[in-house]
Protein chains: 2
Amino acid sequence: MGAMRRPTMTDVAREVGVTAKTVSRVLNDGPVAVETRERVLAAVRKLGYQPNLMARNMRVGARDAAIGLVIPEMGNPFFGTVAGGVESAVRARGLTLIVGSSDEAAGLEQSLIATFLARRVSALMVVPAASSDHRHLRSERVAGLPIVFLDRPSAGLRADCVVSANREGSRTGVAHLIVHGHRRIGFVGDVPASLYTRRERLQGYRDALDGAGLPYDRALVETGHDVEAAARATMRLLSLADPPTALFAGNNLASMGAVVALSRAGRKDVAVVGFDDLPLAEALDPPLTVVAQDPAAVGAAAAEMVLRRLDGDRSRARRTTVPTRLIARGSGELPPR
Amino acid sequence: MGAMRRPTMTDVAREVGVTAKTVSRVLNDGPVAVETRERVLAAVRKLGYQPNLMARNMRVGARDAAIGLVIPEMGNPFFGTVAGGVESAVRARGLTLIVGSSDEAAGLEQSLIATFLARRVSALMVVPAASSDHRHLRSERVAGLPIVFLDRPSAGLRADCVVSANREGSRTGVAHLIVHGHRRIGFVGDVPASLYTRRERLQGYRDALDGAGLPYDRALVETGHDVEAAARATMRLLSLADPPTALFAGNNLASMGAVVALSRAGRKDVAVVGFDDLPLAEALDPPLTVVAQDPAAVGAAAAEMVLRRLDGDRSRARRTTVPTRLIARGSGELPPR
DNA sequence: TTGTATGCGTTATCAA
DNA sequence: TTGATAACGCATACAA
């Protein structure tokens, strides 16, 4: 039972009384007599023959018709949506998507990449883990393998990359709070501080302060790497002697932490702007004002970059920036109390 | 520039002055003289040789060391987390994960499955689209290909499947509302009504009513396929002549819709229990009581099923049910007004 | 311990 | 239009 051999091209050929190559021609629209073609197709149906893509890939290009994608976390809707954007763009070209999640660990990321390379994927797309380094990919790059980094640029490798307008978006969000009268604005960011997105967004925060002639107060910058930690960070800010009247949250987890902390403390008087939109933002009290990213667009842009490279574009590495959008819903428009 | 040929086993062999087979033995821990092994490994490093998994897979098992997974939507954190659970379980066995999203469309699902089969994946894991049919997979099943369905069982094919305790969880959630005094409880479900999860959860709702001797009122059952539609469905329920004092939401989108609608209407007096947990549930006002699923466990259980099948388990198809858990946070404990 | 011959399923080349 | 032969990169079987 089970494990009966699948029909191969040769089986089909024998059934019809031709050569495997003829069957191959039929399946690849080569020059074949009409009558032969029909007999072959009939045999294909009869035997339930399905071409073996593995063998085909190996023979034809020595490249797998697949794209390898590494993301830090599949359950995070931001990265999930990014992956979705990649997948639909890539599938339109007959490529399939192989994914792995690095858990934000450089080691896991490396081993995933190694597996993908061993499979001879046609291209590599990576959301780099916080502390990863990509020098080891240099030889692949010079060998012509398309490599695109998403959300965060690569360390140690000049390669294409698609990121959100982190600094600009952050600046806009903080400026929005300033326009509404706030002078002391707390920043709740993720860790490590070395993370690209964190750095850029903090820089945008400082840009906005500078633009308004406000001082940068190191005491107003706090950190948390998950929702609970961000909630604690928020509480620390609120219990300062001279507490902020508004908060800027540096990513979706930080936003959640801030919102949770304020809700627990029963504080509805603290203005909040979060970076990255949340599904229930509208249902919060007050509704959450955010700087929305467009993760699907990030994925799609990166996929298009890859496709261009696969089409032979050998121009130098490019950085694409996907714009963000301020969505005012209420929490960001609260006045300082 | 670029596109220089990758070194193969033969290249390494030539470099050392041995046969490809010897290199193969070194890489697969076969019997090789210590000194030979070292010279081979040196050449591997020198040439930057990386074994070609494609070729290896083809030779060794005629099976790709990959699992094909089809989910309806990558951006949905429920399915993303399911995929994450699958991936980590599967990676531990040296298998990689190939994913595609069907957009809940049977046609796309079929073509994804066809691609995976053509790649000769080692197993197939599918969250079936609402209206899909899997009779066409029968020959694969008898041929011994492990196939496991997740979240929803398959139509037309007896195969392994891992689902949440939909009916039981739903019953528990509704019973919770009843215990808190509610007699008229609205149901906000997803469409189509034929969807397995919707059917089961509605059945659990009816079980709870029956258990309490409450009548089933068709007018209290509404439907919405996304957040906005669910919000409208909620409003329809609230504007009934004899409106419900509590709502049970049949999935995460329905929960969001209900929460958003109540928030817009400024109603904090309607009790709500949602099926599936939400990230910000705690920060809502009142905090949202939910019947939490465990998507990572669903993914992991399905992956383990697949691994058992790959290990030769030929027992008959099994259905695994992953328990749910009621998390009382406030919205489900409101009394009827 | 190592090599030779052969095959996996497909396509390229060249000839018929 | 079709076929014979070789090749892709690797592993198995057997021999040396």
Side-chain angles (χ1 to χ4, degrees), chain A residues 3-41 43-44 47-66 94 115 117-122 143, chain B residues 3-41 43-44 47-66 94 115 117-122 143:
Chain A
M4 41 185 259
R5 208 173 59 79
R6 268 167 186 293
T8 72
M9 221 171 225
T10 314
D11 297 326
V12 176
R14 189 168 30 230
E15 174 83 15
V16 183
V18 294
T19 316
K21 181 62 206 172
T22 302
V23 177
S24 167
R25 276 195 265 260
V26 170
L27 269 41
N28 297 302
D29 293 318
V32 180
V34 184
E35 190 249 1
T36 311
R37 149 166 286 119
E38 292 189 351
R39 279 168 50 220
V40 167
L41 289 176
V44 163
L47 298 184
Y49 167 75
Q50 290 177 314
N52 184 330
L53 262 189
M54 247 197 312
R56 172 172 218 288
N57 284 334
M58 183 173 119
R59 182 60 248 240
V60 82
R63 275 277 156 227
D64 190 341
T115 306
L117 292 176
R119 296 184 64 100
R120 302 293 190 267
V121 293
S122 295
Chain B
M4 40 185 259
R5 207 174 59 76
R6 267 168 186 293
T8 73
M9 220 170 223
T10 313
D11 296 327
V12 176
R14 191 169 26 230
E15 174 82 16
V16 183
V18 295
T19 318
K21 182 59 213 169
T22 301
V23 178
S24 167
R25 276 195 265 260
V26 171
L27 268 40
N28 297 302
D29 292 318
V32 180
V34 184
E35 190 250 359
T36 311
R37 148 167 286 118
E38 293 190 350
R39 278 167 51 220
V40 167
L41 290 176
V44 163
L47 299 184
Y49 167 75
Q50 289 177 312
N52 184 330
L53 261 190
M54 250 198 308
R56 174 175 214 288
N57 284 333
M58 185 172 116
R59 182 64 184 87
V60 84
R63 276 276 155 226
D64 190 342
T115 305
L117 292 177
R119 296 185 66 101
R120 300 294 189 269
V121 292
S122 295

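Below, chain A is the first sequence line, B the second, and so on; all start at residue 1.
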Next on the checklist: Checking B/Arg14 now: which residues fulfil side chain to side chain donor-acceptor pair (under 3.5 Å) with it, not counting sequence neighbours?
Outcome noted: B/Asp11
Item to check | From CG (B/Asn52) to OG1 (B/Thr8), nearest 0.5 Å | outcome: 9.5 Å
Next on the checklist: On DNA chain C, compare the nucleotides closest to B/Ala20 and B/Met58; which residue's is nearer the 5' end?
Outcome noted: B/Ala20
Checklist entry - Where the side chain of A/Arg6 meets the backbone of A/Tyr49, is there a donor-acceptor pair that is under 3.5 Å apart? => result no
Checklist entry - Do you know the tightest heavy-atom contact between A/Ala43 and A/Val12? => result CB-CG1, 3.9 Å
Checklist entry - Closer than 4.0 Å, any side-chain N/O of B/Asn28 to the OP1 or OP2 of D/dA11? => result yes
Checklist entry - Mind checking which nucleotides bracket the chain A contacts on DNA chain C, 5' to 3', with an atom under 4.0 Å from a heavy atom? => result C/dG9 to C/dA12
Checklist outcome for this item: Smallest heavy-atom separation, A/Gly48 atom then A/Pro7 atom, equals O-CG, 4.0 Å
Checklist entry - Looking at residues at least two apart in the chain, or sitting in another chain, which of them share a side-chain contact (heavy atoms from CB on, under 4.5 Å) with B/Ala65? => result B/Asn57, B/Leu95
Item to check | Rounded distance (Å) that lies between atom P of D/dC10 and atom CE of B/Met54 | outcome: 10 Å
Item to check | Under the side-chain contact (heavy atoms from CB on, under 4.5 Å) test, residues paired with B/Arg59 that sit two or more places apart | outcome: none
Item to check | Separation of D/dG9 C1' from B/Leu27 CG (nearest whole Å) | outcome: 13 Å
Checklist entry - Is any side-chain heavy atom of B/Arg63 less than 4.5 Å from a side-chain heavy atom of A/Met54? => result no
Next on the checklist: I need the residues from residues 29-39 of chain B with at least one non-hydrogen atom less than 4.0 Å from DNA chain D; give them sorted by number, or say none.
Outcome noted: none
Item to check | salt bridge (Lys or Arg N to Asp or Glu O under 4.0 Å) against A/Arg39, all qualifying residues, sequence neighbours excluded | outcome: A/Glu35
Donor-acceptor contacts, no H, no angles, side chain residues 18-34 of chain B, under 3.5 Å, sequence neighbours left out:
| unit_1 | atom_1 | unit_2 | atom_2 | d |
| --- | --- | --- | --- | --- |
| B/Lys21 | NZ | B/Ser24 | OG | 3.4 |
| B/Ser24 | OG | B/Asn28 | ND2 | 3.4 |
| B/Asn28 | ND2 | B/Ser24 | O | 2.9 |

Checklist outcome for this item: One would report the end-axis bend of the helix from C/dT1-D/dA16 to C/dA16-D/dT1, five pairs per end and rounded to 10 degrees, as 40°
Item to check | Residues forming a side chain to side chain donor-acceptor pair (under 3.5 Å) with B/Glu38, sequence neighbours excluded | outcome: none
Checklist entry - Measuring from A/Asp64:CG to A/Leu117:CG, what's the distance to the nearest 0.5 Å? => result 12.0 Å
Taking only N/O atoms, report every protein-nucleotides 12-16 of chain D pair under 3.5 Å with atom names and distance.
none

Item to check | Phosphate OP1/OP2 of D/dG3: any A/Thr19 side-chain N/O under 4.0 Å | outcome: yes
